[in-house]
Protein chains: 2
Amino acid sequence: MGKGEQTRQAILDEAFSLASCVGVGGLSIGILAERTKMSKSGLFAHFGSKEELQLAVLREAQQRFAEVVLRPAFRQPRGVARLRAIVLNWLDWTREANLPGGCVINAAAAEFDDQPGPLRDEVRRGLIALRRTLVDTVAKAVEAGDLRPDTDPEQFAFELEGIYQVAQQSRRLLNDPDADRRALFAFDRLVRDYAVERDKE
Amino acid sequence: MGKGEQTRQAILDEAFSLASCVGVGGLSIGILAERTKMSKSGLFAHFGSKEELQLAVLREAQQRFAEVVLRPAFRQPRGVARLRAIVLNWLDWTREANLPGGCVINAAAAEFDDQPGPLRDEVRRGLIALRRTLVDTVAKAVEAGDLRPDTDPEQFAFELEGIYQVAQQSRRLLNDPDADRRALFAFDRLVRDYAVERDKE
DNA sequence: GACATTAACGAACGATCGTTCTATAAATGC
DNA sequence: GCATTTATAGAACGATCGTTCGTTAATGTC
């Protein structure tokens, strides 16, 4: 990795954790230059525009999400076990990745949902991909015989995301120490409702 | 209402719908002055600081939420009927109130969850109050005999908020036309799981 | 209708924003 | 080790930010 790529990545690391606190829209080249001990212009040259930097942060977030949440979970066998692994990794990916200020992706989703442009498009693309991954994973859990054949994977994925979002908010804003426990409880209820009743009398 | 209060309210109306699009943090006095056809300084005088204006917007949001979502629902009898009314009003309160860019409160929650200060405190206060209202309403549904006595109102309210949040995101960012339907489906599943089985064979 | 009060304006402030340009320093390829 | 490309710094730009100040216009009161 050449020198250029190296500092670019260092900047991105800093931008990533900063965005976690102030949001992707709240990023400032001046502050970022200060934190990385670079000049504004030197830092700027790596991206060409602020928007390009913001896009890079969003892409970085998606990549880390895939690495930290999805990839390890896919080592679990298809079915509910894999789904549960996703939920568990998901719930503490803000600790795993360097996200002191909470989930960048969720924050960006709320921030750009009504501001057309490349940033919104990027967030949208990422969330659509995530939704599809979830739907597929649920569908495979049906195929594997863990969930009932009449399960609606879209509905299941929809509810999964809701559980994650409220957990995030409860933990960060309401300081609810039970947020993770409640999220897992909700997940279990979801699974139980759609589970194949293997041992009914 | 004197002239002062009158224009203050007009500014607040404009700020409210603007914040819906760009977020409470994205509000700008210059742009707001432009939209209301006032001078920056004239507008500024009504609030004394930008932060005070932002706080006023947050309080306005909470007040409208109580009026549009909660108050009408409380005309329903205690129990699941009232809960359902809350969910229905909640799901389209962004249409009812003047919120072209989505739920201000949720956006602010994501925006300020890691930025200590009066704004975060205000958002937090509002969401805690909402949570308490939901918990109480669920508890009353238990008392009324609609939900099983072992229902955990906190858990129920937790899941309700998740349903709302994912519905909001799905609708606004993913352009999912089925978001509301899925949210109601999730709500029904929630109710069914905790419902007293009145007519079991 | 004169007077006190309040609301609104216009100009300017210092700070910061993203961005551009030119020049120097460092890294790279031979 | 030299030449060339690449990375960084520094200064400056125009724009916008929130805020302050002094003045004028409008409102409310007796």
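Lettering follows sequence order; numbering is per chain, from 1. Since this is a predicted model, take the numbers as computed values, not measurements.
One side chain, Gln168(A) or Arg171(A), offers a donor N or O that lies under 3.5 Å from an acceptor on the other. When only modelled atom types and interatomic distance are considered, Arg64(B) and Asn98(B) share no side-chain donor-acceptor pair under 3.5 Å. A donor atom on one side chain and an acceptor atom on the other are found under 3.5 Å apart for Glu159(A) and Gln155(A). For Gln115(A) and Arg120(A), the side-chain atoms include no donor-acceptor pair closer than 3.5 Å. Defined by atom type and a distance below 3.5 Å, a donor-acceptor pair is present between the side-chain atoms of Ser170(A) and Arg131(B).
For the pair His46(B) and dT6(C), the criterion of a side-chain N or O lying under 4.0 Å from OP1 or OP2 is not met. Residue Thr7(A) has a polar side-chain atom (N or O) positioned under 4.0 Å from OP1 or OP2 of dT8(D).
Dense packing is recorded around CD of Glu14(A), with more than 12 heavy atoms of other residues, nucleotides or ligands lying under 6.0 Å away.
Aromatic ring orientation, Tyr194(A) versus Phe156(A): tilted (interplanar angle from 30° to 60°).
If you take CD1 of Ile11(A) and C1' of dA7(D), they are 10 Å apart, rounded to a whole angstrom. Here the P atom of nucleotide dA8(C) and the CG atom of Leu43(B) are 9 Å apart, to the nearest Å. Rounded to an integer number of Å, the gap from CD1 of Ile29(B) to C1' of dT16(C) is 15 Å. Protein atom NZ of Lys50(A) is 9 Å distant from nucleotide atom P of dC17(C), rounded to whole Å. Per the geometry, CE belonging to Met38(A) stands 5 Å off P belonging to dA9(D), to the nearest Å. For the pair Glu5(A) CD and dT28(C) P, the interatomic distance rounds to 12 Å; values are reported in whole Å. Across the protein-nucleic acid pair, Glu34(A) atom CD and dT16(C) atom C1' stand 12 Å apart, rounded to whole Å. Atom CZ in Phe47(A) sits roughly 16 Å away from atom P in dT20(C) (whole-Å rounding).
Within the 4.0 angstrom heavy-atom criterion, no nucleotide atom of any strand lies near Leu32(A).
Two residues, Gly4(B) and Ser41(A), neighbour DNA chain C, and the one matched to the more 5' nucleotide by heavy-atom proximity is Gly4(B). Judged by closest nucleotide on DNA chain C, Ser49(A) is the one of Gly2(A) and Ser49(A) placed further toward the 5' end.
Proximity note for Ile31(A) (side chain, C-beta onward) versus dG18(D), dT19(C), dC17(C): the nearest is dC17(C). Among dG28(D), dG18(C), dC17(D), the nucleotide with an atom closest to any side-chain atom of Lys3(B) is dG28(D).
Within residues 52-61 of chain A, no residue approaches DNA chain D, by heavy-atom distance under 4.0 Å.
The base of dG10(C) is not paired with the side chain of Lys40(B) by any donor and acceptor separated by under 3.5 Å. Counting atom types as modelled, Ser39(B) pairs no side-chain N or O with a base atom of dA8(C) as donor and acceptor under 3.5 Å.
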